[in-house]
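A short worksheet on the structure shown next.
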Amino acid sequence: MMAVPVLLAPAGTLEAVRAALGAGADAVYVGLEGWSRGGARRELGWDELVAAQREVASGGRSLQVALNTIPKPEERARLFERVPALLDLGIRDVIVNDVGILAALRQRFEDLRLTASIGCGAQTVADVAFFRDLGANAVVLPGTVSPAEMREIRTVRGISVEIMVHMVEEFVLLGKCWMPSYVHLKPSPLPAAFASKAGTGETPEGALRGLRQTGSMKRGGVGACFRICQQPWELFAAGRRVDTRLFPSRQISRIADVEAYAEAGADVLKLQGRSLPVELLAPLVRRYREAIDARTIPDAFEPPPATLPAAWAVVGR
Amino acid sequence: MNGFELNTTIANLRDLRASDLTDYDGVYLGDIYCRLYESNFLEQLDDLKEGLHILHDQGKRAYVATYAAPRNDFLPKVRKMLEASVAAGAEAVEIHNLGILRIAHEEFPELPVHVGGFANIYTAAGAEVLRGFGAVRFTPNYELSLDEIHEITTACGVPLELLLHGKMPLGVSDYCFLLDYEEKWRVKCPDLCQKELFLKQGDWAMKSLGKGILSGKDVCMLEHLPRLLAEGHRHFRIEAVSESPEYRREVAAVYHAALERAIAGGGDVDEGSWETLRRHARIGLCNGFYFGKSGMDYQGLRPEALGSLPTISRAES
């Protein structure tokens, strides 16, 4: 019998961790304050992380931590100092976004289980082999990668392959976009909740100066994208305005393809959405749980392809 | 030998034949964004071989580009293209994608690798990792400032290639939204992206190549050449993949002369050079991210450069 893929759910708060577990997630990923791409977009402080790990582990499930900024050289040492504490907590799974950090963590911490994040831009069988060779234990592919492509990718041995089956596909590929920072790049103060760790006066993790680079998702420190791609543009051809439009973007939901991805050998089905509120996160996770379980419990789940296409246009989010 | 290398990008044989390359030392052949780009060298291998011969006959360094965001089904053609490049004596291949980097390193180790801007080299640690895969020259991520770039050269001493002038790559997509206009404009692919297309929001503008997004303004480092040379940079790109042969020739003439003057210790720029650059810049001039500002801002002695006033205040309003 084929292996059942792991369902990996997002969580941006401790409450969301509990909701994801309650809805049937096998594993949950969270951002550690100051060290995760997206900056203030729902990260867990250290105490929350400790609590989350306790709850996840007590349920026999696992917690992954996104450390997916690209720290500047002076910030790298602080990141490396934080890793032994993660391991002491029992957290081995770390998601990273940069080949330099990945290689450095691999060299320093052989017990870590390293995942190359979706921001690393892997889409092909050769990309997956590259990250395997670099020492990654897992790599995340976007949901635009089809089950047929997944089947070819799974010919690469020695690395776990995750597929982001529920995600928004922006017009420009993740990790390949500098449109926001072209328009506006400026160090901005972190939101008040992150200005200092409550009661300690300490600078937040990963933000030495208490700043984030508004306009960039990948620069050193804590980046933040203000989604200029979701605002209407005027299209000019040969100097004449010919249209006003949005960049195309799509909500991808491959719930009808869960079986196909499983048969193709996907190890993990991952859901995007650390910023999702609990009331949306729980039904989303439950839906995918049912779809996965339907592989072992016939008739337990009927995918709704007629009403829920694999991808649909998103306007005005 | 100039003591520097000035190079550019040309996508197809037609543009190569039409271009006067007198002031260039090297050329990258191929469009990195789209397989369907008109007569793309990366798909037309007989054209590629001829293009490499033309460059060698003119005494130029002949480089070959590769796709920024390939899928599995690109890879057989990529291998054939690399094979043809080796056979025709290409001096190097420019690689933006890590899977293609692995293919080149393992299967074509005799072919030197230049790492392109979409490979996301943000730190010296990232450069060191890719050096282990055979890379000998790096274009750092376009978001980096000159100070950050200097940190890379100081830390690991690798040769860097910098965008000196032209439209800066800002993103790459899996999807060409220009296809939406085939019927309306009665223009078919691949002719759609040959039109001069800009996307605008007020005074913000970007140039569209369908799957590729470039800055609307031309990055211009003309008055900063002494600093670039003083910091040890010797490899410079005029990004002209989507420009006319006149643009290629005239802009290169300006920079070639200015680089020679700067190497000889002179930093002055004559008014005729500024007029040439302003005439070719449809939207205006900017400095990219070299001074740690928003990519479309201009910092220097020429704030009156057309359309180039700082825009950060607008973004903050």
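Note that this is a predicted model, so its numbers are computed, not measured. Each chain gets a letter, A, B and so on, in the order its sequence line appears, and its residues count up from 1.
Screening residues 145-155 of chain A for side chain to side chain donor-acceptor pair (under 3.5 Å) gives A/Ser146-A/Glu149, A/Glu149-B/Arg71, A/Glu152-B/Asn72, A/Arg154-A/Asp267 as the qualifying pairs, with residues at least two apart or on separate chains.
Residue contact with chain A, scored on non-hydrogen atoms closer than 4.5 Å, involves the side chain of B/Leu75 exclusively. In this structure, chain B has no heavy atom under 4.5 Å from any part of A/Thr244. Heavy atoms closer than 4.5 Å to chain A are found in both the backbone and the side chain of B/Ser215. With a 4.5 angstrom heavy-atom cutoff, B/Phe74 does not touch chain A via any of its atoms. Both the backbone and the side chain of B/Lys200 come within less than 4.5 Å of a heavy atom of chain A. Heavy atoms of B/Ala127 lying under 4.5 Å from chain A are absent altogether. Contact of B/Asp180 with chain A is made through the side chain alone, with heavy-atom distances under 4.5 Å. Heavy atoms closer than 4.5 Å to chain B are found in both the backbone and the side chain of A/Ala129. Neither the backbone nor the side chain of B/Ala155 has a heavy atom closer than 4.5 Å to any heavy atom of chain A. A/Arg241 does not touch chain B: none of its heavy atoms, backbone or side chain, sits under 4.5 Å away. Interface residue B/Ile103: only side-chain heavy atoms are found under 4.5 Å from chain A. Contact annotation for A/Arg132: only side-chain heavy atoms (C-beta onward) come within less than 4.5 Å of a heavy atom of chain B. Proximity to chain A (any heavy atom under 4.5 Å) is restricted, for B/His96, to the backbone atoms N, CA, C and O. Looking at B/Ile213, the atoms closer than 4.5 Å to chain A (heavy atoms on both sides) all sit in the side chain, from C-beta outward. If you measure heavy-atom distances from A/Val128 to chain B, you find no contacts under 4.5 Å at all.
Between B/Tyr247 and B/His165, the ring planes lie tilted relative to each other; the angle falls in the 30° to 60° range. In this structure, A/Phe109 and A/Phe80 have tilted ring planes: the angle between them lies in the 30° to 60° band. Below 30°, between 30° and 60°, or above 60°: for B/Trp185 and B/Tyr181 the angle between ring planes is below 30°, a parallel geometry.
Comparing A/Ile101, A/Leu235, A/Thr144 by how many heavy-atom pairs each has under 4.5 Å with chain B, the most go to A/Leu235. Most heavy-atom pairs under 4.5 Å with chain A: of the set B/Gly212, B/Ser208, B/Gly126, this distinction falls to B/Gly126. With respect to chain A, the highest number of heavy-atom pairs below 4.5 Å among B/Thr123, B/Leu197, B/Val129, B/Val172 belongs to B/Val172.
Heavy-atom minimum distance, B/Gln201 versus A/Pro232: CG-O, 3.2 Å.
For the pair A/Arg254 and A/Tyr261, the cation-pi criterion (under 6.0 Å, within 45° of the ring axis) is not fulfilled.
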Give the C-alpha distance, both sets of side-chain angles, the deciding distance and a yes or no for side-chain contact (heavy atoms from CB on, under 4.5 Å) between B/Glu107 and B/Leu82. CA-CA 9 Å; B/Glu107 301 174 29; B/Leu82 293 173; over 6 Å; no

Decide yes or no on side-chain contact (heavy atoms from CB on, under 4.5 Å) for A/Glu162 and A/Leu141, but give the supporting numbers first.
CA-CA 6 Å; A/Glu162 307 183 0; A/Leu141 307 177; over 6 Å; no

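For the atom pair CH2 of A/Trp233 and CZ of A/Phe171, the computed distance is 11.5 Å after rounding to the nearest 0.5 Å.
For B/Asp147, the salt bridge (Lys or Arg N to Asp or Glu O under 4.0 Å) test picks out B/Arg227, with sequence neighbours left out.
Salt-bridge check for B/Lys167 with B/Asp218: passed, with a basic side-chain N closer than 4.0 Å to an acidic carboxylate O.
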